[in-house]
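Numbers restart at 1 for each chain; the letters A, B, ... are given by sequence-line order, proteins then strands. What you see below is based on every heavy atom in this structure, not just the backbone, and it leaves out hydrogens, waters and symmetry mates.
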There are 2 protein chains.
Amino acid sequence: MVAREPSETRILSVASEHLRLHGLRRFTVVAVAEEAGMTHANVYRYFPSRVALVDAVVDVWLKATERRLADIADGPDPAEDKLERLILALAKANRDLLHEDPHLFAALSQAVAKRHAISRRNRARVRALFERVIDDGIATGAFEPRDRDRAIAFVIDATHRFIHPAALELEADVPQESVDARLSTLIRVALRTLATGVI
Amino acid sequence: MVAREPSETRILSVASEHLRLHGLRRFTVVAVAEEAGMTHANVYRYFPSRVALVDAVVDVWLKATERRLADIADGPDPAEDKLERLILALAKANRDLLHEDPHLFAALSQAVAKRHAISRRNRARVRALFERVIDDGIATGAFEPRDRDRAIAFVIDATHRFIHPAALELEADVPQESVDARLSTLIRVALRTLATGVI
DNA sequence: AAAATGACATAATTTGTAAAATGTCATTGC
DNA sequence: GCAATGACATTTTACAAATTATGTCATTTT
């Protein structure tokens with residue numbers, strides 16, 4: 001158990017593992033520090049608080065997800081395709097997290113519910129991606145909403161159920177295929193709505 | 001403090017008052033019984049458990065709300081109008097409860113989250129109202145969805161953010177006018193979608 | 001000088017126990 | 001016979017003490 005990584009990275013990866021395995025409740029700075037081969041005081045050199053450490057772990061996931069979304073948003077494809085893939089990718093990322101790493105999902109869920117800075121910023125950046133794609137669609141004539149801001153709010157509100165952690169938890173036990181079908185319908189309506197200037 | 005009401009009714013109204021004033025945490029069968037002028041054992045003659053008593057209180061509100069919704073759904077107006085009013089009334093009922101009786105809202109929220117029978121049944125009945133109005137619209141030609149079931153799921157999914165307690169809590173501090181505007185947009189899109197057979 | 005520590009004050013959690021609440025039922029009173 | 005009770009077992013909650021964790025900082029180590 002030799003620490004080759006620099007301390008900050010090592011703490012973060014141990015914290016990540018610890019959170020995934022034991023969950024928020026049993027996540028302690030002391031335990032993480034011990035597993036990282038240092039005293040807990042040293043952890044505070046790199047992370048200002050326990051909450052900040054947990055948020056840093058969540059943020060790694062958020063940023064990785066954002067990167068994948070940005071790749072979609074910045075791609076060369078038509079805005080319609082990009083918007084559909086953006087929504088599907090975001091919904092899938094959150095839904096997969098719920099099933100594959102429930103503890104990390106719970107930490108994310110809390111950060112969102114308590115409006116932590118990482119979640120507010122993530123939300124702003126993801127929203128910016130939606131705006132970018134919709135603006136792209138408007139520029140190319142694929143979308144023709146009467147009111148651009150209203151159109152953006154519409155897309156976000158309509159898809160809320162399939163994207164927001166609190167909403168996803170409610171449907172954890174609904175068969176994925178059924179959820180997929182409903183989301184697919186919603187996306188079709190959203191795209192059609194943006195294209196035909198109903199808003 | 002003479003009990004004119006029959007016991008069951010009296011227990012229920014005392015319980016209702018107690019929940020509204022003190023909240024779920026401090027709601028005890030013993031306290032309710034005392035305030036109703038009887039021993040707690042007697043409460044169990046009418047309600048099988050503490051949870052059942054709380055649920056009964058919530059159910060009174062749910063049923064009253066359902067009645068108002070049913071009045072809309074069964075009215076003589078065009079299906080489009082009725083669907084719009086149905087959504088607005090349901091959203092407003094839940095949102096008003098959140099602000100005017102937070103304790104009762106919290107109890108409702110829990111019943112929904114834990115899938116209590118009262119909430120599942122309420123959900124089924126409210127859904128039936130939506131189905132009725134949409135079927136009405138299909139019968140009169142106002143709505144022409146390709147797939148009726150898909151259309152119903154779409155309306156419920158799209159409006160989720162403005163109706164579900166868990167979603168409403170997230171936006172408790174957003175100005176009502178802003179929420180109203182967004183909901184209004186969503187309803188317009190939903191009506192247009194149903195009318196034009198996109199689904 | 002940067003990294004890490006030990007020692008410390010404060011805050012949160014756990015543990016054990018007393019008190020109170022939930023839920024049951026045989027009996028009482030109307 | 002129906003409503004209500006008192007007595008009781010079981011489950012929760014409330015409280016206090018002890019333990020553990022969080023967060024700070026002067027000092028040591030590399």
*Asks:* Below the 4.0 Å mark, does D/dA14 have OP1 or OP2 next to a side-chain nitrogen or oxygen of B/Arg25?
*Replies:* yes

*Asks:* Grab the CZ-P distance between B/Phe47 and D/dA3 for me, whole Å please.
*Replies:* 13 Å

*Asks:* Any side-chain N or O of A/Ser7 under 4.0 Å from OP1/OP2 of C/dA4?
*Replies:* yes

*Asks:* Find the distance B/Tyr44:OH to D/dA7:P and express it as a whole number of Å.
*Replies:* 18 Å

*Asks:* Between atom CG in B/Leu53 and atom P in C/dG23, what is the gap in whole Å?
*Replies:* 10 Å

*Asks:* Identify the heavy atoms of A/Arg20 and A/His103 that sit nearest to each other, and give their distance.
*Replies:* O-ND1, 2.9 Å

*Asks:* For the pair made of CD1 in B/Ile11 and P in D/dA3, what is the distance, rounded to whole Å?
*Replies:* 11 Å

*Asks:* Reckon B/Arg45 has a side-chain N or O less than 4.0 Å from the OP1 or OP2 of D/dA4?
*Replies:* no

*Asks:* Please give me the minimum heavy-atom distance between B/Asp55 and B/Ile118, naming the atom from each residue.
*Replies:* O-CD1, 3.6 Å

*Asks:* Measure CD/A/Glu34 against P/D/dT20 and give the value in whole Å, please.
*Replies:* 13 Å

*Asks:* Expressed in angstrom and rounded to an integer, what is the separation of B/His40 atom NE2 from D/dA7 atom P?
*Replies:* 12 Å

*Asks:* With heavy atoms under 4.0 Å as the rule, sort B/Val30 into base, sugar-phosphate or nothing.
*Replies:* base

*Asks:* In whole angstroms, how far is the P atom of D/dT20 from the CZ atom of A/Phe27?
*Replies:* 20 Å

*Asks:* Pick out which of A/His99, A/Lys92, A/Arg95 makes a side chain to side chain donor-acceptor pair (under 3.5 Å) with A/Gln176.
*Replies:* A/Arg95

*Asks:* Please determine whether salt bridge (charged side-chain N to carboxylate O under 4.0 Å, His left out) holds for the pair B/Glu131 and B/Arg148, giving the CA-CA distance in whole Å, both sets of side-chain angles, and the decisive distance to 0.1 Å.
*Replies:* CA-CA 9 Å; B/Glu131 294 187 1; B/Arg148 177 234 185 218; 3.4 Å; yes

*Asks:* Look at the side chain of A/Thr39 and decide which nucleotide, out of C/dG6, D/dT22, C/dT22, has an atom nearest to it.
*Replies:* C/dG6

*Asks:* Closest approach to the side chain of B/Ser49, judged atom by atom: which nucleotide of D/dA3, D/dT22, C/dG23 is it?
*Replies:* C/dG23

*Asks:* Let me know which of B/Asp136, B/Asp77, B/Asp74 forms a side chain to side chain donor-acceptor pair (under 3.5 Å) with B/Lys82.
*Replies:* B/Asp136

*Asks:* Rounded to whole angstroms, how far apart are NE2 on B/His22 and C1' on C/dA21?
*Replies:* 16 Å

*Asks:* In terms of side-chain heavy atoms of A/Asn42, which of C/dA3, D/dG6, D/dT22 is nearest?
*Replies:* C/dA3

*Asks:* Is the shortest side-chain N/O distance from B/Tyr46 to OP1 or OP2 of D/dA4 below 4.0 Å?
*Replies:* yes

